[in-house]
Undergrad: 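This is the structure I want to talk about, given as structure tokens.
Values below: all heavy atoms of this structure, side chains included; hydrogens, waters and symmetry mates excluded. Note that the structure is a prediction, hence the values are computed from the model and not measured. In what follows, chains are A, B, ... by sequence order, proteins preceding strands, each numbered from 1.
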There are 2 protein chains.
Amino acid sequence: MNLKTIASLAGVSTATVSNVINGNFHKVSEETRLRVEKIIRDSNYKPNVMARSLAKKESHLIGVVVPYLDKTEDFLTNPYNAHIVAALERLVRRHDYYVMLRCVGDPREIIPLLSSWNVDGAFFLGVFKDEVREIRQTIDIPMVFIDTYAPGEKIVNVGIEDYRGGYLSAKYLIGKGHRKLALVTPPDAGEGVIRERQQGFLDACKESNIDFNLNRDSFSCVSTYRNAVEVGQDIVFSNRGYTAVATLSDIVAFGVIEGLVQCGIRVPHDISVIGFDNLPDCDFMTPKLTSIAQDYEWKAEKAGGFLFRMIDGERDLHVDERQPIRVMERQSVRDLTQ
Amino acid sequence: MNLKTIASLAGVSTATVSNVINGNFHKVSEETRLRVEKIIRDSNYKPNVMARSLAKKESHLIGVVVPYLDKTEDFLTNPYNAHIVAALERLVRRHDYYVMLRCVGDPREIIPLLSSWNVDGAFFLGVFKDEVREIRQTIDIPMVFIDTYAPGEKIVNVGIEDYRGGYLSAKYLIGKGHRKLALVTPPDAGEGVIRERQQGFLDACKESNIDFNLNRDSFSCVSTYRNAVEVGQDIVFSNRGYTAVATLSDIVAFGVIEGLVQCGIRVPHDISVIGFDNLPDCDFMTPKLTSIAQDYEWKAEKAGGFLFRMIDGERDLHVDERQPIRVMERQSVRDLTQ
DNA sequence: AGTAATAGGTTTAGCGATTAACCTTTCTTA
DNA sequence: TAAGAAAGGTTAATCGCTAAACCTATTACT
């Protein structure tokens, strides 16, 4: 069942059918239009997207590229990624585009993919540091990065106020009377959003004259629950009298709490914990996790807004949009001032 | 940059280049092959998938169709869906296919999509009861349903032992000395996996002479955290002295616990709760949620195995594969027998 | 009335691959 | 040594759709 069949069924040319389908009504009389439409409906005909894309040189496909940490840990296993992907899918669907979902270890893998499918645009999740440049050089399609730190690169990035996130996290704990702070952070921060958060945290400590030393008081942890549990125990074994620990993702906070609890520590009575992301899961647990809140829907909306503006012709857009954040207060931080 | 360019650069015909790309080496001399390959590499050429698909009548695309409950609640918001999608994406990628992710309210929406993209196969997540038939009638591509109950339809379904799940859930609670049981279940069970789980639950109760009445002791709840919180409160307000409540999904169990706690109930001391799905999140909370365990990776592997067998020519496969399940014991059920 | 514009088409040349059919050489083999 | 097969290509049709160019009546305008 193809255009040609419909055309001959209706006794018109393929061009006419094509015009009907694509809404070029000024080239088709009301009468023919209705006839063709009826036949299309009756024969349950659906145009072949591949052929159309080939002819129009556009695919209506949007790539969504998500990183994974290692082979055992899945990308959507991290609820943060899952939420962002969900929000993006919804947004893309609303624009009548389609999502091609792809998970990658190294973002470079994605380049051949995107160019051969000639997707109309792509979202990149997660930090891709240096690879950003390589991606940009190799393919030239509208793309929006999410949570990527790449100053100097002329890209569109949508993230959060990372520096302020770290700053608020520390300030909040300090405000609750905590003076011995530990920070759990992904390894190998280098440059990037993690580095910004760390810096915010450091500056807040310095500002309040808190004796926090990154070498001594920070604990390295990949963003998996399992690893975080061990880190939680390490914190106890370190025996440094921390009263609060800050993490840079909720999933890590969950693990840390578990590790602490396994060592007989009560949260927040003995040690307080603050997360980062404000996942719905924060509400599921006891104590409910206090976290740095960001709005996924907002992020997706912003990112989508930029992407579709670029698709609509506005090339070389260059913005670094940061979502304002706030502390979402729950129960995992004890107030020592009272 | 297209086949033709490469061909003229290499001084051969497009057919030869095509043969090189597709590995039909017996039609190309070693020498030409190397020359062409070099040029392809140097010019960074990637074949256009749309054109290839059109010519070969296969897309290397796999549709992943996920239902959503309502407009506010996203499909990947439910970690269960997120995990399945993650496992499927990984599997599809391993087979060198691509995932087209689509979320739908009514699965019928998907029909035009699948036929116009002429995907090579599709996975359908979630219960699609009657729509199964309509889908099957309208499109004829390899497809595998996940967690779908449609006896009589010649489909491939991969699920779990739902009946046994409900049965085990009840038996476990009963074994721990509970006699006053409540069941939280999605509304409008009709036929389907939910109905099976209910039946298993009922039969287990009957077998142990437990006075459980579906009309009196079951609470209707859509699978969202928010609704589940209310239901948790309802259970308390019903004032029927339940000592344990079983749910048919973890996410609902999380909400129910929250609702109970909000009413001053201690879990599991006053009321025990058992979940269903065994999400990683079960470990994140206090008390850790006892749940009915299923293996996502297993499901994806099985489903993928079937789908690719069908794609490889084995049409009219018809199986209803059920994954064995077990109770994953944690801390949310109190043992009353001691 | 004569010309221009418009409405409503049709023809046909792509889009970028694949592939069947065909064409030379060169190598086997009876 | 003549016929057949194999190696290594090329040509051209085709996949299903789009869109520019072209055609032919009508209708509009001055």
Side-chain angles (χ1 to χ4, degrees), chain A residues 1-37 39-40 43-61 98 112-120 139 141, chain B residues 1-37 39-40 43-61 98 112-120 139 141:
Chain A
M1 184 59 55
N2 54 17
L3 247 205
K4 218 161 150 188
T5 321
I6 301 290
S8 68
L9 247 48
V12 295
S13 73
T14 63
T16 298
V17 178
S18 175
N19 282 326
V20 169
I21 290 173
N22 292 287
N24 302 328
F25 295 147
H26 58 102
K27 308 198 116 205
V28 185
S29 72
E30 173 93 3
E31 188 198 331
T32 348
R33 202 197 78 214
L34 291 172
R35 183 157 39 93
V36 172
E37 281 176 348
I39 293 179
I40 289 179
S43 56
N44 199 27
Y45 161 77
K46 297 296 164 203
N48 179 316
V49 185
M50 300 291 171
R52 165 182 290 172
S53 301
L54 186 56
K56 295 181 73 150
K57 288 158 170 286
E58 58 175 54
S59 60
H60 263 226
L61 215 48
Y98 299 90
L113 167 63
L114 292 181
S115 43
S116 43
W117 280 93
N118 69 323
V119 302
D120 292 347
I139 45 176
I141 54 169
Chain B
M1 185 58 55
N2 55 18
L3 246 206
K4 220 161 147 188
T5 320
I6 301 292
S8 67
L9 247 48
V12 296
S13 72
T14 63
T16 298
V17 179
S18 175
N19 281 327
V20 169
I21 291 173
N22 292 287
N24 301 328
F25 294 148
H26 58 102
K27 307 197 118 205
V28 185
S29 72
E30 174 93 1
E31 187 199 332
T32 347
R33 202 196 78 213
L34 290 172
R35 183 157 37 94
V36 172
E37 281 176 346
I39 292 179
I40 289 179
S43 57
N44 201 24
Y45 162 76
K46 297 296 165 201
N48 180 316
V49 184
M50 300 292 171
R52 165 182 289 171
S53 301
L54 185 56
K56 296 181 76 150
K57 287 157 174 284
E58 57 175 55
S59 59
H60 264 228
L61 261 186
Y98 298 90
L113 166 64
L114 293 181
S115 42
S116 39
W117 279 93
N118 70 324
V119 302
D120 292 346
I139 46 176
I141 54 168

Undergrad: Atom NZ of A:K57 to atom P of D:dG16: distance rounded to whole Å?
TA: 20 Å

Undergrad: Nearest 0.5 Å, please: how far is CG in A:N2 from CD1 in A:I6?
TA: 8.0 Å

Undergrad: Quick one: pull up CG in B:L61 and CH2 in A:W117 and give me the separation to the nearest 0.5 Å.
TA: 3.5 Å

Undergrad: With a non-hydrogen cut-off below 4.0 angstrom, is A:N24 in contact with a base, only sugar-phosphate, or nothing?
TA: nothing

Undergrad: In whole angstroms, how far is the C1' atom of D:dG16 from the NZ atom of A:K56?
TA: 14 Å

Undergrad: For residues A:H26 and A:N24, determine if any side-chain heavy atom of one lies less than 4.5 Å from a side-chain heavy atom of the other.
TA: yes

Undergrad: Measure from CE on A:M50 to C1' on D:dG16 and round the result to the nearest Å.
TA: 12 Å

Undergrad: A:N118 and A:S59: side-chain donor and acceptor closer than 3.5 Å?
TA: no

Undergrad: So, OP1 or OP2 of C:dC15: does either fall under 4.0 Å of a side-chain N or O from B:N2?
TA: no

Undergrad: Could you tell me the separation between the OG1 atom of B:T32 and the CG atom of B:N19, rounded to the nearest 0.5 Å?
TA: 10.5 Å

Undergrad: Looking at every heavy atom in both A:S115 and A:I139, which two are closest together, and how far apart are they?
TA: CB-CG2, 3.9 Å

Undergrad: Quick one: A:L54 CG to D:dC15 C1', roughly how many Å, whole number?
TA: 9 Å

Undergrad: Figure out the CG/C1' separation between A:N48 and D:dG16, and round it to whole Å.
TA: 6 Å

Undergrad: Please report, rounded to the nearest Å, how far the P atom of C:dA17 is from the CH2 atom of A:W117.
TA: 14 Å

Undergrad: How long is the span from the OG atom in A:S18 to the CG atom in A:L3, to the nearest 0.5 Å?
TA: 6.0 Å

Undergrad: Tabulate atom names and distances for all N/O pairs under 3.5 angstrom spanning the protein and nucleotides 4-10 of chain C.
TA:
residue, atom, partner, partner atom, Å
C:dG9, OP2, A:S29, N, 2.9
C:dG9, OP2, A:S29, OG, 2.5
C:dG9, OP2, A:T32, OG1, 2.2
C:dT10, OP2, A:S13, N, 2.8
C:dT10, OP2, A:S13, OG, 2.7
C:dT10, OP2, A:T16, OG1, 2.8

Undergrad: Any side-chain N or O of A:S18 less than 4.0 Å from the OP1 or OP2 oxygen of D:dT18?
TA: yes

Undergrad: Nearest whole Å is fine: how far is C:dC15 P from B:M1 CE?
TA: 15 Å

Undergrad: A:I6 has an atom CD1; how far is it from atom C1' of D:dT18, in whole Å?
TA: 16 Å

